[in-house]
Q: 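One structure follows; several queries about it will come next.
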Amino acid sequence: MTKKTINKKNQKQIALKRIQGLFELASNKATDDNFELADRYTHIARKISMKYLVPIPNEYKRCFCKHCYCYLLPDVNSRFRIKNGKIIIFCKNCKKYTRIPFKNKK
Amino acid sequence: MNEKTLSRDEFIGLRVKILECTDPTWIGQSGLIIDETKNTFLIEIKNRKKIIAKKTAKFEFIINSEKISITGEKIVFRPEDRIKKIR
């Protein structure tokens, strides 16, 4: 009996490639003022990440709100500030704060 | 790229042309895919958005100067399911 399904390693490679492509498309749509499609693309990317257990890369993790999952664009629907060694993100849609600590590397 | 690797890849953002369809007004039209559900594609043609069912048509994609055609019945899956379920 020959296998017809692809094995898990290839599934994860394809999933990672699709997640990266979807976030690039979402940033293009958001700068063109189309937030519904940008939210829909992040929704599909999150579903792929959950289904195939592939973590979202670090540079895209701060592009969406942690509470309402909408795509964030600085100074249009969010505010980014720094205070006391933390990055503070305020989402104007759900009106909630997210705090991310960082350390100075020397 | 062959037919199977393209069916597992991302369709959103690609240009598509319709080769065959049960509805004769759709034949020969081409556009950009915006969204995808289990049974349909949302295509933008000349600044208008139109919905086409996957089952009724045959699609053609151009990738890396290669023409690949896919029947719609083989890709009737949700976008996150397609990686696992295409045989």
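Lettering follows sequence order; numbering is per chain, from 1.
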Q: With a 4.5 angstrom heavy-atom cut-off, is it the side chain or the backbone of A/Lys17 that approaches chain B, or both, or neither?
A: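 Side chain of A/Lys17 only, per the 4.5 Å heavy-atom cut-off to chain B.
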
Q: Begin with the C-alpha distance, continue with both residues' side-chain angles, and end with the deciding distance and a verdict on side-chain hydrogen bond (donor to acceptor under 3.5 Å, both in side chains) for B/Asn2 and B/Thr5.
A: CA-CA 6 Å; B/Asn2 58 1; B/Thr5 51; 2.9 Å; yes

Q: Give me the contact list for residues 48-76 of chain A versus chain B, heavy atoms only, anything under 4.5 Å, ordered by residue number.
A: A/Ile48, A/Lys51, A/Tyr52

Q: Any side-chain heavy atom of B/Glu3 sitting closer than 4.5 Å to one from B/Lys74?
A: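 Yes, side chains in contact.
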
Q: Do A/Arg79 and A/Ile89 come close enough that some side-chain heavy atom pair is under 4.5 Å?
A: no

Q: Among B/Leu6, B/Asp81, B/Ile75, exactly one meets side-chain contact (heavy atoms from CB on, under 4.5 Å) together with B/Ile86. Which residue is that?
A: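 Only one of B/Leu6, B/Asp81, B/Ile75 forms a side-chain contact (heavy atoms from CB on, under 4.5 Å) with B/Ile86, namely B/Ile75.
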
Q: Can you list the steps and then say if B/Phe59 with B/Phe41 is a ring-ring contact (aromatic ring centres under 6.0 Å, His included)?
A: CA-CA 11 Å; B/Phe59 304 98; B/Phe41 280 132; 5.2 Å; yes

Q: Between A/Arg18 and B/Arg82, is there a side-chain heavy-atom distance shorter than 4.5 Å?
A: yes

Q: Identify which part of A/Ala45 has an atom lying under 4.5 Å from any heavy atom of chain B, answering side chain, backbone, both or neither.
A: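 Contact with chain B is absent: no heavy atom of A/Ala45 under 4.5 Å.
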
Q: Are the side chains of A/Ile44 and B/Ile12 in contact, using a 4.5 Å heavy-atom criterion?
A: yes

